[in-house]
Amino acid sequence: MTNRPAGGSPHGTPPTTSTSAPPSLDRTAAPRLRGDILALHTAARAFEAGWGLTPMSPLDRTARRRPVTGEAEKAASRGLAETAREVLQRTVRTEAALAQSDTDFLDRLRDAGLRVRERLGDDGALVGYSVALPGDRADGGSRPVWFAGSPLV
């Protein structure tokens, strides 16, 4: 038997006065189990709102992405402590915090030793960028491994 607070759950959630599900949740739809993380987050937010709970995580896609298995194996085989993605994430976030403008940001990335590829719109304005570590190559060393800037920041 577990020790529970009087009237609440062992996780510290407040007691509820009703045991039925909130009326806004549809239990008739069959769940999709594949590729539906965003829908699961949305459903979790609906449960939290329906039961008056504090939302636990936002659905804003700002979390750091983990390196994929191939990246981790590549770093391990080269004796590196971090993957290229992790090095780029740290460098891009640091330089973004210090930069005063777009031009300053891109210059800071280049000064930090990264390869930078700018993407310009039809009007010549900067609409995106990619970065690569010097020496990090794919296809047997024939081309650099580029990472889009937005997921790194």
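Sequence positions, counted from 1, serve as the residue numbers for this chain.
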Could you list the residues that satisfy side chain to side chain contact (heavy atoms under 4.5 Å, CB included) with [X], not counting sequence neighbours?
| X | result |
| --- | --- |
| Ala96 | Phe105 |
| Leu80 | Ala75, Arg78 |
| Ala112 | Thr91, Glu95 |
| Ser101 | Thr103, Asp104 |

Tell me, with the steps shown, if Asp136 and Val87 meet side chain to side chain contact (heavy atoms under 4.5 Å, CB included).
CA-CA 11 Å; Asp136 187 27; Val87 171; over 6 Å; no
Give the C-alpha distance, both sets of side-chain angles, the deciding distance and a yes or no for side chain to side chain contact (heavy atoms under 4.5 Å, CB included) between Thr42 and Arg45.
CA-CA 5 Å; Thr42 303; Arg45 297 303 76 76; 5.8 Å; no
What are the two closest heavy atoms between Pro134 and Gly113, and how far apart are they?
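That closest heavy-atom pairing would be CG-O, 2.9 Å.
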Which atom pair, heavy atoms only, marks the closest approach of Pro151 to Ala148?
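Closest heavy-atom pair between Pro151 and Ala148: CD-O, 3.3 Å.
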Name all pairs fulfilling the ring-ring contact (aromatic ring centres under 6.0 Å, His included) condition that reach into residues 75-101, sequence neighbours left out, sorted by first residue then second.
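Sorted pair list comes back empty.
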Please tabulate, for side-chain N and O atoms in residues 114-125, each donor-acceptor pair with protein atoms closer than 3.5 Å (sequence neighbours left out).
| from | atom 1 | to | atom 2 | distance (Å) |
| --- | --- | --- | --- | --- |
| Glu118 | OE2 | Arg110 | NH2 | 2.8 |
| Asp123 | OD1 | Ala125 | N | 3.1 |

Mind checking the [atom1]-[atom2] spacing from [X] to [Y]? Nearest 0.5 Å is all I need.
| X | Y | atom1 | atom2 | result |
| --- | --- | --- | --- | --- |
| Thr54 | Glu48 | OG1 | CD | 8.0 Å |
| Glu82 | Gln89 | CD | CD | 9.5 Å |
| Leu88 | Ser130 | CG | OG | 10.5 Å |

The criterion is side-chain hydrogen bond (donor to acceptor under 3.5 Å, both in side chains); which residues satisfy it with Thr83, sequence neighbours excluded?
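Expected list: Glu86.
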Identified side-chain contact (heavy atoms from CB on, under 4.5 Å) partner of Val131 from the options Val92, Leu106, Val145:
Val92
Residue pairs involving residues 143-153 (criterion salt bridge (Lys or Arg N to Asp or Glu O under 4.0 Å); sequence neighbours excluded)
Asp139-Arg143
